[in-house]
Amino acid sequence: MGFGEDEESVVELPNKSIFRYNSPLVQVCLIGLVCFCCPGMFNALSGMGGGGQVDATAANNANTALYTTFAVFGILGGGIYNILGPRFTLFAGCSTYVLYAGSFLYYNHYHHQGFAIVAGAILGIGAGLLWAGQGAIMTSYPPPGRKGSYIALFWSIFNMGGVIGGLIPLILNYNRSEAASVNDGTYIGFMCFMSAGTVLTLAILHPSRVVRNDGSHCTNIKYSDVSTEAVEILKLFRNWKMLLMFPAAWASNFFYTYQFNHVNAFLFNLRTRGFNNVFYWGAQMVGSVGIGYILDFSFQSRKKRGFVGIGVVALLATAIWAGGLANHLHYDRTLIHKLDFKDSGSEYAGPFVLYFSYGLLDAMFQSLVYWVIGALADDSETLSRYTGFYKGVQSAGGAVAWQIDAHNVTRQSQLIVNWVLTSVSYPLLAILVMLAVKDEKKVGTKEDDDAFASAKAPTAEEITGGELSKPA
């Protein structure tokens, strides 16, 4: 047995309470709150472009270091999670976010980027641990027929962190319309939220102690060992399912560099960047709920729901990237002064809608990929490795993207590469759904089949898989 929480041979029986601590609903909400406080605030910090600094060089180099180590520990994170359990893994991961925000507070005074780069590399290790654990919880805890809804629930709570995080620089820098870098209070505010999220990880239960409302355990595994995890992680690189998912994983953070540095930071002044981020991350909440509904309730067949979800995201992505290209061609020639949400009038509207749409697309794209991963297996042991592989490849793509920007590759070239990468991933995801995703009637319970046979517009009880009021 590895290190971690002590296991219990007898698990508390479920009850009617919506506050049942060992329910999938409560545990997914808890991991959502953890990510609200840590990566949610990190997203708000990154979304300002350049980490809130006038010169993006330090942030680009720190993010390169971050995503390089993230690529390694994202892949290893699933195995570490299986050995240590969620509490130690998530606590260690979240603590590194505080250090990263603190490094930019230091940079605000001394302008030495070494600390930020080291903090970025350490955060990459921590983020790999956090997201591998988060992925295992989010994809394995929900009832099989409600994974899209639980992903949407998590994504909404998580991205509320970006919304609140966007308000911090907006409020603290509201009267500094000509300011170049954010003030110290902005970074201190981020650090306070990140510290709270680190403590909250101690409330997460081991998956073997989480019980669904029908009495079934989310998993029967307890702890793994190093040799087993090393072998299973190496097998991922020969797993045809992971290879089909590779382009989607690579693309899923690649576009952040372009969107943050060459849309938000390039077009808008400092306070408007904070204002935009409130809506960028708010759009993610809308997007995740929309795609979650399609993936859980649009058709009885899970395969058909997957195909429809891929088609919807692909069509929306084509329209948004085309709009992005048109916006780029216009403002690359005509922008003289950065846009302000109060002073620029109608000129601000088009770029704002575009940036909002980028947030919408990001949530729909990533929620779709998570849904596909969750449909490939049901146990947290396997899914922690799958999500770890996804986050590792995603982070490798992110590291390359930040260095592409650091080497001054043109904005138009970055936009086209992002458009191509996301477009290539859709047919490969469709092949993965066709070959590897089974309908619930082949893998689920009779209760799942009956629920889908009479599927209609979901109530609150249906969205949670009965967690709110269904008796034990």
Working to the nearest 0.5 angstrom, can you tell me the gap between [X] [atom1] and [Y] [atom2]?
| X | Y | atom1 | atom2 | result |
| --- | --- | --- | --- | --- |
| Arg273 | Asn276 | CZ | CG | 10.0 Å |
| Phe70 | Leu129 | CZ | CG | 9.5 Å |
| Ile373 | Thr382 | CD1 | OG1 | 12.5 Å |
| Gln134 | Ser384 | CD | OG | 12.0 Å |
| Asn264 | Phe352 | CG | CZ | 10.5 Å |
| Leu130 | Thr96 | CG | OG1 | 8.0 Å |

Modelled atom types, side-chain donor and acceptor of [X] and [Y], under 3.5 Å:
| X | Y | value |
| --- | --- | --- |
| Asp343 | Tyr348 | no |
| Asp296 | Ser149 | yes |
| Asn261 | Tyr256 | no |
| Thr64 | Asn61 | no |
| Asp184 | His109 | yes |

Quick one: are [X] and [Y] in side-chain contact, heavy atoms under 4.5 Å?
| X | Y | result |
| --- | --- | --- |
| Leu45 | Met41 | no |
| Leu153 | Leu25 | yes |
| Val372 | Leu432 | yes |
| Val263 | Pro351 | no |
| Phe237 | Met242 | no |
| Gln284 | Leu360 | no |

Tell me whether the rings of [X] and [Y] are parallel (<30°), tilted (30 to 60°) or perpendicular (>60°).
| X | Y | result |
| --- | --- | --- |
| Tyr358 | Trp321 | tilted |
| Tyr106 | His112 | tilted |
| Phe275 | Phe279 | tilted |

Test side-chain hydrogen bond (donor to acceptor under 3.5 Å, both in side chains) applied to [X] - qualifying residues, sequence neighbours left out:
| X | value |
| --- | --- |
| Thr139 | none |
| Ser413 | Thr410 |
| Lys342 | Tyr174 |
| Gln394 | Ser252, Gln366, Tyr390, Lys391 |

message: I need the full list of side-chain hydrogen bond (donor to acceptor under 3.5 Å, both in side chains) pairs touching residues 67-80, with sequence neighbours left out, sorted by first then second residue.
response: none
task: Go through the steps for His262 and Asp405 under the test side-chain hydrogen bond (donor to acceptor under 3.5 Å, both in side chains), then give the verdict.
output: CA-CA 9 Å; His262 298 300; Asp405 189 52; 2.3 Å; yes
message: Quick check on ring-ring contact (aromatic ring centres under 6.0 Å, His included): which of Phe356, Phe260, Phe268 does Tyr280 satisfy it with?
response: Phe260
- prompt: Given Phe158, which of Phe36, Trp131, Trp281 fulfils the ring-ring contact (aromatic ring centres under 6.0 Å, His included) condition?
  reply: Trp131
Output field: ring centroids Tyr100/Phe104 closer than 6.0 Å: yes
statement: Taken in chain and number order and not counting sequence neighbours, the residues that satisfy salt bridge (Lys or Arg N to Asp or Glu O under 4.0 Å) with Lys147 are Asp378
query: Quick one: is the NZ or CZ of Arg411 closer than 6.0 Å to the six-membered ring centre of Phe266, and within 45° of its axis?
result: yes
